[in-house]
Each structure stands twice: as structure tokens, then as C-alpha cells.
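Below: the structure, in C-alpha cells.
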Amino acid sequence: MYVGIDVGTSVVKAAAFDSGGRQLAVESRPVELSLHGGFVEQDMDEVYGAVVEVLGKLTGRVPEPVELAGLTGQGDGVWLVDGEGRPVRSALSWMDGRAHELLDQWLEDGTFETVFRRTGGAMFPGSPGPLLAWLDRYDPKSLDAAAAAVYCKDMVFQRLTGAAGATTDVSDASMPFLDPRTRSYDNRVVELLGLTRRRRLLPPVGDPITTGEAREGLPSGTRLSNGPYDLPACALGAGVTEPGDGLLIVGTCLAALVATTELDLSGEPAGLYISTDRHGHRLRAMPAMVGTAALDWVLSTTGVTHAQVDELLASTPPGAHGVRVLPYFAPSGERAPFVEPHLRAELSGVSLETTPADLIRATCEGIGYAARHCLEAAGLTGALAVCGGGTRSSAWMQLLADVLGRPLRVVEGEVGARGAVLAAAERYGVSLDAGVWTEPTAIVEPDPGRSAYYSKGFEEHVVRLDEARGRAGR
């Protein structure tokens with residue numbers, strides 16, 4: 001069997017697949033996030049312990065030989081480790097907002113734009129550049145004690161394999177220090193962010209991705225590859241490799257990815273270019289801060305369960321009786337397809353007659369408009385695949401197809417773990433039929449009438465968003 005490990009922000013998963021890509025079993029365990037005053041942190045030992053636990057349960061349930069394993073996980077943030085991959089302090093999550101004042105300064109003085117023009121990465125508060133600069137200013141002892149500033153999967157890989165030092169891959173390194181043309185760190189960017197004396201903390205980039213043999217969690221000697229991180233892993237797992245084709249991940253965050261061979265560093269700085277193992281091939285990524293998390297907040301606030309969503313979406317018409325939601329709920333603002341650290345969610349058109357169904361539909365429509373905005377900015381011209389927790393709602397998938405005005409190739413299951421296996425197979429020269437592994441489970445066609453309605457609704461959404469951005473930027 002083949003094992004994919006996906007170390008997510010709130011859940012750690014391990015999935016087993018047979019040689020034809022059929023998902024045999026999945027084990028998962030939730031992990032905690034500590035949120036306080038805009039700080040969002042994670043306990044690295046808890047995260048690593050969850051990885052070992054789910055791997056033990058998975059291999060116990062499916063006691064077949066493990067041919068190879070692939071590792072993926074959440075990107076961005078800062079995971080400071082010592083020489084053995086053990087934590088120096090709690091990890092700073094990609095959701096962390098503490099560095100927003102630094103980002104404000106860089107937006108004002110032009111540093112933000114200069115970095116984008118060099119690397120194609122539009123920094124946001126939870127990306128490594130701002131977080132490392134914040135630590136250098138306010139917690140320098142942690143940086144002094146660290147051997148490397150890595151990403152989530154890199155910490156896990158080093159500890160699973162006992163590797164002598166930390167490494168990352170081109171996908172994780174893409175934000176914000178990697179020059180996408182040379183696939184190496186841009187030292188001028190390091191200098192611009194005031195981090196020259198911390199340059200030693202940036203881990204070597206494995207190109208192609210680093211491999212090793214597991215010493216823990218998996219049977220000893222199991223071949224393991226480190227990367228790519230979760231966004232490009234999902235693109236692989238959904239079969240999005242041809243230029244122009246795209247993927248929408250409807251998960252905790254809403255991520256729009258489009259495969260491309262182009263590199264356009266003009267236009268409004270937003271999103272990033274994610275380098276892949278294929279030289280010259282990239283993903284134009286517009287990862288918004290909030291996806292299903294916005295709906296979860298509304299469900300919790302209204303006392304509605306996930307099981308009721310489909311029924312409630314069907315009970316209120318497109319437009320939700322005039323209720324509108326700008327779904328920018330993240331405490332660190334928004335990062336795609338624009339960067340505005342102070343943007344917050346807005347609800348309008350609400351009255352005493354508004355029902356929970358109206359609020360839920362309006363939230364789903366708002367997320368759909370945000371997705372359309374991201375996909376258009378990323379340059380989608382081909383087929384669109386969709387994955388993530390949101391695909392479990394058939395009514396929401398229909399609504400998304402209508403809002404986006406295009407068919408959706410719905411890919412269910414552990415798509416990130418599947419992509420991690422395909423990346424590992426490529427690295428090890430193991431022949432797997434990627435077409436079979438990435439077949440969609442369903443295709444959802446848009447309704448022409450509703451799509452026409454939502455096309456106008458999207459134009460109105462952009463106008464409201466521009467007004468909200470103007471207020472946030474004051």
C-alpha cells in the first residue's frame with residue numbers, strides 16, 4: 001500500500017491507498033490552535049505526536065507492506081526547531097496576525113511591492129517574512145536558539161527520519177524568499193526584510209524534494225518524501241497539472257490555484273507563485289484566509305448543524321432575501337486576491353425577518369463570490385476541480401457551480417494525501433497512473449439561469465468589497 005500524510009492546521013490525517021489509487025483507510029486526529037490577541041500558535045510536540053499516532057493506527061488497520069509514503073502539510077507560519085527538529089518555542093501559525101504592523105509599514109514604504117516584483121509572493125501577516133522579522137524584534141532569543149526556521153511538514157520529516165539537518169522544498173520556500181526563476185533564495189529580499197543576520201535559519205531547499213527512510217510512525221525503513229505542501233499537493237491529487245486548469249480548495253481557507261508556465265510579476269501584488277517539482281511549471285495561487293471557517297462561525301452563531309446545511313440552502317432563494325455577506329472573517333484580514341490586513345467581515349440586508357437559512361445561503365454565496373474573484377485573478381481558463389471539506393455538501397457544490405458559472409470536477413477523499421503519494425512516486429521513480437488516481441467522483445453542471453443571476457451578483461459583490469477595503473485602509 002501507499003501512505004499519504006497530511007498535517008493540517010486543525011486535523012492530522014494519514015490515508016492508505018492501493019496501487020490503483022483506491023482509498024483503503026483514513027485515520028485522523030484533531031490538534032489544537034491557541035488563539036489570543038491576534039496570536040495563533042501550535043504545540044509542535046502535539047502535532048508530531050498526532051502524526052505518529054495516526055500512522056500507528058493506520059498501519060494497524062491495514063497491515064500490508066508500505067511501498068512508500070508521501071508527506072504534506074499546512075504551509076507558511078514559522079516553526080523554529082533545533083538541530084534535531086525539536087521545538088524551540090511554539091509554532092507561529094499561518095493564521096497569526098501579530099506582524100500586521102510590520103506589514104503595514106512595508107505596504108507604505110514600498111517593501112511589500114518590491115518583494116512581490118522579485119519573487120511573485122505577496123506577503124501577509126502569517127507568512128514567514130513578517131513573522132521572522134517580528135521575532136527578530138520582539139523575541140530574538142528564540143531565533144538565537146533555533147537551528148532552522150522551517151515549515152510544518154519539514155519538522156515532521158526531520159523527526160520521522162532522524163535526518164541530520166532541516167530541509168524544505170521549493171513549494172514551501174516560495175513565500176516569500178524564493179526567486180522563482182533561479183529556484184534559490186533571493187538574498188536581496190532577506191536584506192529588505194531586515195533579516196540578513198538571520199539568513200542561516202532558512203533551511204536548504206531540496207530540489208527535487210528530499211527523501212529519507214522512516215524511523216518512527218511507519219515500518220522502519222519505509223521510503224518517505226518531504227513535500228510538496230498542502231496546496232500544491234492537492235493540485236497533484238486533483239489532477240491539476242495542465243496550464244490553465246485550476247483547483248478550488250474549499251477548506252478552512254479558500255484556495256484558488258491555476259497551473260501555469262508563465263511568470264507575470266506585474267499587476268496588483270497578490271497571492272503567490274508556487275514553484276513545483278517540474279521546472280518551468282508553477283501554480284498561480286490565490287489562497288484566501290477564510291473558507292469553511294466563515295460558514296462554521298455562522299453555523300455556530302445560529303445554532304445550526306452541518307447536517308442541516310443542504311436543507312436550509314434549498315429553503316431560501318438565490319440572493320437570500322437581500323442578505324449579503326462579505327466573508328472576510330480572519331483576524332489577520334485578507335491576503336488574496338489582494339492584501340488588506342484590516343479588512344473584516346460585513347453583513348448587510350439583515351432584519352428581524354431574516355432567517356438562519358438566509359444567513360447561511362448569504363454566507364455560502366459570499367464565499368462563492370470570493371472564490372470567483374480569486375480564480376479570475378489567478379487566470380483560470382481551463383477545467384476546474386474542487387476538493388476540501390465543503391464538497392460534502394451537494395447543495396453548496398451546486399451553488400458554487402452556479403456562482404462560478406462553470407462545471408465543477410468534484411474530487412473527494414484525502415486529496416492532499418493522494419497528491420503527496422503521487423509526488424513521492426515521481427521522486428522514487430515508481431509508476432502510478434495519475435489519471436486513474438485523480439478521476440473526479442462527480443461533475444456538477446451550473447444552472448444557466450442562476451449563473452446569470454450570480455454574474456450580476458458578483459459585480460455587486462466587487463463594488464461592496466471595494467467600499468469595505470476603503471474603510472479598512474483608513
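These values consider heavy atoms only, across backbone and side chains, with no hydrogens, waters or symmetry-generated copies.
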What pair of heavy atoms forms the shortest contact from [X] to [Y], and how long is it?
X: Val51; Y: Leu160; result: CG1-CD1, 4.3 Å
X: Ala424; Y: Gly70; result: CB-CA, 4.0 Å
X: Leu236; Y: Pro228; result: CD1-CG, 4.3 Å
X: Val7; Y: Cys152; result: CG1-SG, 3.4 Å
X: Ala15; Y: Val26; result: CB-CG2, 4.1 Å
X: Asp245; Y: Leu380; result: C-CD1, 4.1 Å

Are [X] and [Y] linked by a side-chain donor-acceptor pair shorter than 3.5 Å?
X: Asp43; Y: Ser90; result: no
X: Gln74; Y: Gln42; result: yes
X: Tyr48; Y: Glu216; result: yes
X: Asp96; Y: Ser93; result: no
X: Gln158; Y: Asp154; result: no

Note, [X] side chain near [Y] side chain (heavy atom, < 4.5 Å):
X: Thr441; Y: Val411; result: no
X: Val444; Y: Val410; result: yes
X: Thr222; Y: Val66; result: yes
X: Arg284; Y: Tyr273; result: yes
X: Thr167; Y: Pro203; result: no
X: Met1; Y: Asp18; result: no
X: Trp396; Y: Leu295; result: yes

Residues 169-179, side-chain donor-acceptor partners within the protein, below 3.5 Å, at least two apart:
unit_1: Asp169; atom_1: OD1; unit_2: Lys153; atom_2: NZ; d: 2.9
unit_1: Asp169; atom_1: OD1; unit_2: Ser171; atom_2: OG; d: 3.1
unit_1: Asp169; atom_1: OD1; unit_2: Asp172; atom_2: N; d: 3.3
unit_1: Asp169; atom_1: OD2; unit_2: Ser171; atom_2: N; d: 3.1
unit_1: Asp169; atom_1: OD2; unit_2: Ser171; atom_2: OG; d: 2.5
unit_1: Ser171; atom_1: OG; unit_2: Tyr229; atom_2: N; d: 3.2
unit_1: Asp172; atom_1: OD2; unit_2: Lys153; atom_2: NZ; d: 3.3
unit_1: Ser174; atom_1: OG; unit_2: Val170; atom_2: O; d: 2.6
unit_1: Ser174; atom_1: OG; unit_2: Ser171; atom_2: O; d: 3.2
unit_1: Ser174; atom_1: OG; unit_2: Ser275; atom_2: N; d: 3.1
unit_1: Asp179; atom_1: OD1; unit_2: Arg181; atom_2: N; d: 2.8
unit_1: Asp179; atom_1: OD1; unit_2: Arg181; atom_2: NE; d: 3.1

Working to the nearest 0.5 angstrom, can you tell me the gap between [X] [atom1] and [Y] [atom2]?
X: Leu257; Y: Ile274; atom1: CG; atom2: CD1; result: 5.5 Å
X: Ile443; Y: Leu408; atom1: CD1; atom2: CG; result: 9.5 Å
X: Cys234; Y: Leu248; atom1: SG; atom2: CG; result: 11.0 Å
X: Ser34; Y: Glu32; atom1: OG; atom2: CD; result: 9.0 Å
X: Glu340; Y: Leu107; atom1: CD; atom2: CG; result: 8.0 Å
X: Leu404; Y: Tyr369; atom1: CG; atom2: OH; result: 10.5 Å

Thinking salt bridges, do [X] and [Y] make one under a 4.0 Å N-O criterion?
X: Arg183; Y: Asp207; value: yes
X: Glu27; Y: Arg61; value: yes
X: Glu412; Y: Arg418; value: no
X: Glu84; Y: Arg159; value: no

Kindly check if the number of other-residue, nucleotide or ligand heavy atoms within 6.0 Å of [atom1] ([X]) is above 12?
X: Arg200; atom1: CZ; result: yes
X: Glu268; atom1: CD; result: yes
X: Arg223; atom1: CZ; result: yes
X: Glu426; atom1: CD; result: no

Query - Counterpart residues, side chain to side chain contact (heavy atoms under 4.5 Å, CB included), relative to Ala425 (two or more places apart) - result: Val430, Leu432
Report summary line: Sorted by chain and number, sequence neighbours left out, side chain to side chain contact (heavy atoms under 4.5 Å, CB included) with Pro208 holds for Arg427
Requested in this report: Would you kindly check if the NZ (Lys) or CZ (Arg) of Arg22 is within the cone defined by 45 degrees around the ring axis of Phe17 and under 6.0 Å from the six-membered ring centre?
Outcome: no
Query raised in the report: Could you walk me through whether Thr161 and Leu224 pass the side chain to side chain contact (heavy atoms under 4.5 Å, CB included) check?
Result: CA-CA 8 Å; Thr161 62; Leu224 177 67; 3.8 Å; yes
Could you give the side-chain donor-acceptor pairs of residues 112-136 under 3.5 Å, partners two or more places apart or in another chain?
unit_1: Glu113; atom_1: OE2; unit_2: Arg117; atom_2: NE; d: 3.3
unit_1: Glu113; atom_1: OE2; unit_2: Arg117; atom_2: NH2; d: 2.9
unit_1: Thr114; atom_1: OG1; unit_2: Gly110; atom_2: O; d: 2.9
unit_1: Arg117; atom_1: NH1; unit_2: Leu265; atom_2: O; d: 2.6
unit_1: Arg117; atom_1: NH1; unit_2: Gly267; atom_2: O; d: 2.9
unit_1: Arg117; atom_1: NH2; unit_2: Gly267; atom_2: O; d: 2.9
unit_1: Arg118; atom_1: NE; unit_2: Asp186; atom_2: OD2; d: 2.9
unit_1: Arg118; atom_1: NH2; unit_2: Asp186; atom_2: OD1; d: 3.3
unit_1: Arg118; atom_1: NH2; unit_2: Asp186; atom_2: OD2; d: 3.3
unit_1: Thr119; atom_1: OG1; unit_2: Val115; atom_2: O; d: 3.0
unit_1: Thr119; atom_1: OG1; unit_2: Gly121; atom_2: N; d: 3.2
unit_1: Ser127; atom_1: OG; unit_2: Phe124; atom_2: N; d: 3.2
unit_1: Ser127; atom_1: OG; unit_2: Phe124; atom_2: O; d: 2.7
unit_1: Asp136; atom_1: OD1; unit_2: Arg197; atom_2: NH2; d: 3.0
unit_1: Asp136; atom_1: OD1; unit_2: Arg198; atom_2: NE; d: 2.8
unit_1: Asp136; atom_1: OD1; unit_2: Arg198; atom_2: NH2; d: 3.1

Requested in this report: Apply ring-ring contact (aromatic ring centres under 6.0 Å, His included) to His100 and list each qualifying residue two or more places apart in sequence or on a separate chain.
Outcome: His342
Report task. Could I get the full list of ring-ring contact (aromatic ring centres under 6.0 Å, His included) partners for Phe458, not counting sequence neighbours? Result -> none
Requested in this report: Check the pair Asp310, Ser393 against side chain to side chain donor-acceptor pair (under 3.5 Å), reporting the backbone distance first and the verdict last.
Outcome: CA-CA 6 Å; Asp310 280 19; Ser393 168; 2.4 Å; yes
